Amino acid sequence: MSKSIGTSGSLINDPRARAWAFQILAIVVVAALGWYLFNNTQTNLEHRGITSGFAFLEHSAGFGVSQSLIDYNESDSYGRLFLVGLANTLLVSILGIILATVLGFVIGIARLSPNWLVRKLSAIYIETFRNIPPLLQIFFWYFAVLRLVPGPRQSLSFFDALFLNNRGLYVPAPVSADGIVPFLVAVVLAVVASIILARWVKVRRDKTGRGFPLLLTSIVLLIALPGLAALIFGAPFHWTVPELKGFNFQGGWVVIPELFALLVALSVYTAAFIAETVRSGIQSVSHGQTEAANSLGLKPSRTLRMVIIPQSMRVIIPPLTSQYLNLTKNSSLAAGIGYPDMVSLFAGTVLNQTGQAIETIAITMSVYLVISLSISLLMNVYNKRMALRER
Amino acid sequence: MKMVKSTLAILTTAAVLGVSGFAHAGATLDAVKKKGFVQCGISDGLPGFSYAEAGGKYAGLDVDVCRAVAAAVFGDAEKVRYSPLTAKERFTALQSGEIDILSRNTTWTSSRDAGMGMNFIGVTYYDGVGFLVNKKLGVSSAKELDGATICIQAGTTTELNVSDYFRSNGMKYTPITYDRSDESAKSLEAGRCDVLTSDQSQLYAQRIKLANPDDYVVLPEVISKEPLGPAVRRGDDEWFAIAKWSLFAMIGAEELGVTSANVEEMAKNAKNPDVARLLGAEGNFGNDLKLPKDWAVKIVKQVGNYGEVFERNVGMGSALKIKRGLNAQWNNGGILYAPPVR
């Protein structure tokens, strides 16, 4: 009976056909709405005489930038400027993620320390920095802390090579010399040798249970091989030391205060969240694991490193990923202190010079989307590898 | 929070441009009359041009242009509401319709006039980029600034002009750009930068805001042309004309010797036909602009002529003490020149 309804009745009574029809209808409506918005925007932009399109990316920018990781001068294009901003955003995000992770793990573990003072101090750290808005923390580091540093002519000097003043931290920069190629080859050799050694140590440990001082050997390799290359083939690079010329120091590398303030503020802020994540991860591992490790005679440090942390990573990684995403997105607060990141440089100055708000904002938003999705992807791969495997 | 604000403005622009139909001529005047006030975009605090006085009331040269427009439209210069904007926020605010007129020491350039959906109504102040430095540096000319660190406001023509100047003189510099002029000034005081650069008028204004103004000096060089003027949205010629002629009325009144003190008297028994036409005693030229007959009388009575406005806000009667210079009338050594009312 029911079958005859399906075939003899119209498609309207077929739930599958109906489901399809509604979905197709939904897609058509969304697409039509999208097209309507796009078309209308285009027409209105034209009508009001606002330039649109992406041709501006090839126009010459005509203004300078305080920090650029790639070669840039004022006659380069807006497209090049976009890359400058992107590189600056990635720089502060990557450094921030590394610093925040290290700091967060240390504080998170200290939060569970048996030592009362250490435990309380890390609790105070977490509660303070987690509960103050990140923009205020950036302002604090930039306008309050870094303004106490003296000017260029009264720079704090360390060994006449490092200079700290309110224009930044000036460090000597290596410039490649004759011995650079053998030196780099030696570094690569040392790294490869260490990896092979690590494999061998693991295989042997699995078979015989005997250990090997892997870390120490690797460090010796990494120092000895390049050192030897430098001795035989000459110095791989010489250093250019910053010098005070005119208004500022010239030569060497400089860490500008805007970068420093942003980096410290973001790392300190995000580390507080990571610390809580780490604490909860560690606490999620059953206490029986610690007792079992103790009864096997493992030292507490080893128990933590080889038993507790690996198991807690399963709980830690997913929230850790969102902290990394937060840090990257918070780096857009750079505009507040004049650090030339994507938002302040491209979605700010370039937008204003060209007046093409829709294009620049669309580009900037897609870039953040791509960066965030990439971080998620990497962390998901890592998570899969750390996930509980049934054996 | 600033980011949020400007993003919001941009999203509104996108939404407004996306959804609204064509703006027809006259739409702005109708909308302004309906809501009962002129929404005016001003700076985020610049003495002499637009800043909040002790009582919370806004004052300044740029503010007075908006007051003049309100006086012309409503006969009441107080019917203005203000939106303080950073340099970066200003154009999207105008494009999106958030404000009716942008009066925020903005340089008139071809790309802004033609490519950004706005029309400049004229020049309220002829300016040029200059440099403010600490006396301790011992610099007496901009030519000695090779290698200097320079604080600039983001998204201004200054950024471009400074770059041009240093390039053409074969000098190097490091720019530090902030969104707000206050932050630039703070950085100059803290020594983060050697030089603060901006339009000269702004430098004088910034200087009096510093803790020790006497420690700083404005260098003699003016390295660019910066004709500052108010702008309106493109596509509404009627509103464009009203804004334009409100400014011309102020400039013209000064040339004809009409002041806030004598305007009513002169309107009653005007002997000079030029004055009679401007003040509506002869002909009905306000009608063409869709304004009342006595529109110019209201402007001069309530806001003053250009000379009065200048002296009160930035001239000798103010803390800035800027000389008229280029901003004097054409028959008095300057280049100010208003087309006639007839």
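Small disclaimer: the values here were computed from a predicted structure and weren't measured. Letters A, B, ... mirror the listed sequences (proteins, then strands); counts begin at 1.
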Heavy atoms of other groups near [X] [atom1], more than 12 under 6.0 Å:
X      : atom1 : result
A/F260 : CZ    : no
B/K135 : NZ    : yes
B/K209 : NZ    : yes

Using only atom types and a distance under 3.5 Å, with no angle test, would you say the side chain of A/R167 pairs donor to acceptor with the backbone of B/G191? yes
Are the side chain of A/N352 and the backbone of B/A154 linked by a donor-acceptor contact shorter than 3.5 Å? no
Chain A heavy atoms under 4.5 Å from [X]: which part of the residue, side chain, backbone, both or neither?
X      : answer
B/V139 : side chain
B/L145 : both
B/T174 : side chain
B/C193 : backbone
B/R167 : side chain
B/Y173 : side chain
B/N161 : neither

Measure across [X] and [Y] and return the closest heavy-atom pair with its distance rounded to 0.1 Å.
X      : Y      : result
A/G64  : B/S163 : N-CB, 4.5 Å
A/I50  : B/M116 : CG1-C, 3.7 Å
A/R147 : B/A190 : CD-CB, 3.0 Å
B/R192 : A/P257 : NE-CG, 3.3 Å

A/L345 versus chain B, the contacting section by heavy-atom distance below 4.5 Å: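 Neither part; nothing is under 4.5 Å.
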Does any heavy atom of chain B fall under 4.5 Å from the side chain of A/Y339, the backbone, both, or neither of them? neither
Once rounded to the nearest 0.5 Å, what's the spacing between atom [atom1] of [X] and atom [atom2] of [Y]?
X      : Y      : atom1 : atom2 : value
A/Y142 : B/K186 : OH    : NZ    : 10.0 Å
B/T156 : A/F63  : OG1   : CZ    : 10.0 Å
B/K88  : A/Q353 : NZ    : CD    : 11.0 Å

Taking heavy atoms only and a threshold strictly under 4.5 Å, list by residue number the residues of residues 66-77 of chain A that touch chain B; give 'none' if the list is empty.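 A/S66, A/E74, A/S75 fall under the 4.5 Å cut-off.
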Contact winner vs chain A - B/S111, B/G155, B/G147, heavy-atom pairs under 4.5 Å: B/G155
